[in-house]
Amino acid sequence: MAAPLSVRLDDSVQAMLEAEARNRGIGLARYLRQLATEAAREVRRNAIRAQSAAVARHIAENPEAKDFAEFWGTPRSEGL
């Protein structure tokens, strides 16, 4: 189980988030957990994209890596 987290919000920000949580029919804590989870997923996706771009740059700049990538090619499914 995750540890509790304490967050200070400006009154106006808290009021806005509470209103949105009410509109969704959930409590503020649950809404904040959802926002944090979505943000964490986006951070993870961005990290994966950055790593993929780094691999692509390496392949483009390194002849040995390019040969390796060309040798392995794109996997194909059997029976297509």
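Numbering starts at 1 and runs along the sequence shown.
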>> Applying a strict under-4.5 Å side-chain criterion to I, L, V, M, F, W and Y, I'd like to know whether Leu32 and Ile26 cluster together.
In response: yes
> Roughly how far, to the nearest 0.5 Å, is the CD atom of Glu64 from the NE2 atom of His58?
Replying inline: 8.0 Å
>> Return the CG to CD1 distance between Asp67 and Ile59, rounded to the nearest 0.5 Å.
In response: 11.0 Å
>> Does Leu17 form a side chain to side chain contact (heavy atoms under 4.5 Å, CB included) with Leu35? I'd like the steps, not just the answer.
In response: CA-CA 10 Å; Leu17 292 172; Leu35 290 174; 4.2 Å; yes
Anything under 3.5 Å between a donor and an acceptor, one on a side chain of residues 39-55, the other on a protein residue two or more places apart or in another chain? List them.
residue: Glu42; atom: OE1; partner: Arg45; partner atom: NH1; Å: 3.2
residue: Asn46; atom: OD1; partner: Arg49; partner atom: NH1; Å: 3.0
residue: Asn46; atom: ND2; partner: Glu42; partner atom: O; Å: 3.4
residue: Ser52; atom: OG; partner: Ile48; partner atom: O; Å: 3.0

>> Can you pull out every salt bridge (Lys or Arg N to Asp or Glu O under 4.0 Å) where at least one residue sits in residues 11-20? Sequence neighbours excluded, please.
In response: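 Passing the test, one end in residues 11-20: Glu20-Arg24.
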